[in-house]
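Order of the sequence lines sets the chain letters (A, B, ...), proteins ahead of strands, with each chain counted from 1.
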There are 2 protein chains.
Amino acid sequence: MAGEARAEGLGKAGQLDFPRPLTTVDVVIFAILDDRLGVLLVQRPAGDGEPFPLSLALPGGFVDVAKDRDLAACAARKLKEKTGVTSPYLEQLGSWGSAVRDPRGWSATHAYFALIPEEAGVLTPDARWFPIRDGRLKERLAFDHGDILATAIQRLRNKVEYTSLPAYLMPAEFTLPDLQRVYEIVLDRPLEKSAFRTRILSADMIEPVAKMRRGPNRPAQLYRLKKGREPVYFVRTFNPPE
Amino acid sequence: MAGEARAEGLGKAGQLDFPRPLTTVDVVIFAILDDRLGVLLVQRPAGDGEPFPLSLALPGGFVDVAKDRDLAACAARKLKEKTGVTSPYLEQLGSWGSAVRDPRGWSATHAYFALIPEEAGVLTPDARWFPIRDGRLKERLAFDHGDILATAIQRLRNKVEYTSLPAYLMPAEFTLPDLQRVYEIVLDRPLEKSAFRTRILSADMIEPVAKMRRGPNRPAQLYRLKKGREPVYFVRTFNPPE
DNA sequence: CACACTTAGTTGTACAGTCCAACTTATTTA
DNA sequence: TAAATAAGTTGGACTGTACAACTAAGTGTG
């Protein structure tokens with residue numbers, strides 16, 4: 001059943017004449033939707049010989065040795081194809097490779113995770129957002145994509161404790177309570193308002209714009225991300241649950 | 001020059017009939033030697049068609065689809081082949097893949113990093129320890145192994161700020177000043193004795209053995225790692241350099 | 001055999017940043 | 001004008017590091 005790949009070899013040395021694993025890239029794309037953390041999933045094709053036909057899966061696919069200069073470019077290409085987003089937060093998550101994860105043979109995938117603002121999404125028709133509840137996705141995924149997603153959620157939660165990553169989930173302009181809400185959504189626990197504000201404001205990562213968000217009560221200052229900012233690392237975590 | 005690999009295809013679908021990248025695994029193996037952080041390197045073979053003949057490189061090589069169940073097993077196998085160590089701290093570092101990193105063609109490597117106690121090393125003759133000075137290796141490495149090593153050093157330093165990783169570099173029994181010294185070697189800066197002791201002792205990661213290390217002055221309590229301990233994450237970093 | 005020397009280990013004050021709770025402020029709506 | 005609500009501030013308690021001085025337990029030397 002499994003397709004085997006053999007190199008043509010190198011003449012005298014001939015050391016490349018052995019089976020090669022399949023090489024893919026998958027992308028875990030997060031955004032905040034409807035006051036929830038969401039992940040973008042696609043449906044697998046139904047063609048003959050396709051593994052996991054019609055199952056849900058992470059967007060991804062084979063590395064195209066003609067098109068992709070490197071792995072990050074491949075991940076960026078797949079992100080752009082599905083969402084139209086070109087300059088998000090894109091970080092390598094890890095790689096998963098084994099003899100059994102793909103019925104077509106030994107395969108290894110390089111997983112990335114991306115954070116984009118909800119608004120940025122101009123999705124292709126095959127892609128849909130799915131909510132993460134209680135730190136988990138309800139749906140089952142193709143391949144080992146469930147493991148990959150679980151790792152991505154864990155990494156995101158972990159980093160949110162001590163970095164400014166949620167800033168990349170925000171629209172262009174946002175208030176401090178907005179940002180705190182996003183932290184709370186990802187961590188799934190409430191945070192202290194005053195400690196949160198002190199931490200964020202002293203990190204020099206956002207700047208106020210000359211506008212307020214108006215609502216049915218006291219207006220809130222609008223901020224935007226400072227340009228070209230790397231993620232900020234804080235020297236403490238928020239106080240962990242216990 | 002580059003070898004190309006094509007799958008045999010899958011009959012009707014035929015979707016696997018395209019070139020596959022080479023797949024390798026490399027391992028960055030750290031230990032403390034002679035009061036310095038050291039990394040284990042091997043010399044590339046000199047055969048015909050071999051890239052970077054006789055250059056220094058990280059231990060690693062092609063995934064063997066017959067022998068290796070998964071990537072971690074492949075990394076553990078390579079670690080064992082070079083050092084004889086079987087149960088070290090082994091963590092995935094990331095993956096590097098591009099069209100140009102290997103002259104034999106599009107290739108992707110899955111990099112791991114390992115921490116082992118100095119004493120554990122029963123090395124194969126082709127492997128040697130090299131010191132890391134000022135956070136860098138003096139020697140040039142084959143492929144993009146210099147980048148991979150730099151990333152590994154950075155990751156190690158970063159994690160040492162807030163985890164118990166250096167414990168895996170220690171021999172079976174060690175004193176608290178020994179452990180502090182290893183932290184200081186990796187971070188390349190002095191740490192506060194009392195804060196260090198408080199942190200480590202309250203982390204419940206080590207336990208005293210009924211022995212003292214005797215020397216030319218006051219004896220020091222010997223400790224060992226508690227069994228089956230995962231690395232510990234502290235809620236604060238040590239105070240950063242500036 | 002006292003005493004200097006060295007390293008192990010402790011103690012106490014200062015300080016930084018979070019936790020917690022109460023407070024003030026700015027706006028809408030009844 | 002008062003109630004309601006969310007934004008934003010203030011202050012004391014608590015936790016853990018920074019810094020520095022201290023005590024403890026050995027060896028080596030005159």
Engineer: At 4.0 Å (heavy atoms only), tell me whether B/S194 reaches a base, stays on the sugar-phosphate, or touches nothing.
Structural biologist: base

Engineer: Check the angle between the aromatic planes of B/F196 and B/Y183 and answer parallel, tilted or perpendicular using the 30° and 60° thresholds.
Structural biologist: perpendicular

Engineer: Answer yes if the side chains of B/E91 and B/Y89 hold a donor-acceptor pair under 3.5 Å, and no otherwise.
Structural biologist: yes

Engineer: Please report the distance, rounded to the nearest Å, between CD in B/E192 and P in D/dA21.
Structural biologist: 12 Å

Engineer: Check the distance between D/dA18's P and B/L191's CG and give it to me in whole angstrom.
Structural biologist: 8 Å

Engineer: Between D/dA24 atom C1' and B/M212 atom CE, what is the distance in whole Å?
Structural biologist: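 The distance from CE of B/M212 to C1' of D/dA24 comes to 11 Å, rounded to the nearest Å.
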
Engineer: Could you check which of C/dG9, D/dT9, C/dC19 has an atom nearest any side-chain atom of A/K193?
Structural biologist: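 Between C/dG9, D/dT9, C/dC19, the one nearest the side chain of A/K193 would be D/dT9.
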
Engineer: Reckon B/R199 has a side-chain N or O less than 4.0 Å from the OP1 or OP2 of D/dG16?
Structural biologist: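 Answer no for this pair, as no side-chain N or O of B/R199 is under 4.0 Å from OP1 or OP2.
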
Engineer: Starting at atom CZ of B/R197, determine the distance to atom P of D/dG16, rounded to an integer number of angstrom.
Structural biologist: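 Going from CZ in B/R197 over to P in D/dG16 covers 18 Å.
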
Engineer: Can you tell whether the side chains of A/E81 and A/R77 come within less than 4.0 Å, N to carboxylate O?
Structural biologist: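 So A/E81 pairs with A/R77 through a salt bridge.
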
Engineer: With a non-hydrogen cut-off below 4.0 angstrom, is B/S202 in contact with a base, only sugar-phosphate, or nothing?
Structural biologist: nothing

Engineer: Using whole Å, report how far CZ of B/R181 lies from C1' of C/dT7.
Structural biologist: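 Roughly 14 Å, once rounded to whole Å.
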
Engineer: Strictly below 4.0 Å: does B/R214 bring a side-chain N or O up to OP1 or OP2 of D/dG26?
Structural biologist: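 No, because none of the side-chain N or O atoms of B/R214 sits under 4.0 Å from OP1 or OP2 of D/dG26.
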
Engineer: Could you give the CG-to-C1' distance, from B/L201 to C/dT10, as a whole number of Å?
Structural biologist: 12 Å

Engineer: Indicate yes or no: does A/D26 engage A/K78 in a salt bridge with an N to O separation below 4.0 Å.
Structural biologist: no

Engineer: If you check every side-chain atom of B/P219, which of C/dT18, C/dT27, D/dA25 has the closest atom?
Structural biologist: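 So the side chain of B/P219 is nearest to D/dA25.
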
Engineer: Write down the distance between NZ (B/K211) and P (C/dA8), rounded to a whole number of angstrom.
Structural biologist: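 The distance from NZ of B/K211 to P of C/dA8 comes to 18 Å, rounded to the nearest Å.
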
Engineer: Any N or O donor-acceptor pair linking the side chain of A/R218 to the base of C/dT25 at under 3.5 Å?
Structural biologist: yes

Engineer: So that I can tick it off, tell me whether B/D70 and A/R101 are bridged by a salt bridge, with the cut-off set at under 4.0 angstrom between side-chain N and carboxylate O.
Structural biologist: no

Engineer: Select from A/T198 and A/P216 the residue whose nearest nucleotide in DNA chain C is closer to the 5' end of that strand.
Structural biologist: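 Nearer the 5' end of the strand: A/T198.
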
Engineer: Can you tell me the distance, in whole Å, between the CG atom of A/N217 and the P atom of C/dT24?
Structural biologist: 19 Å

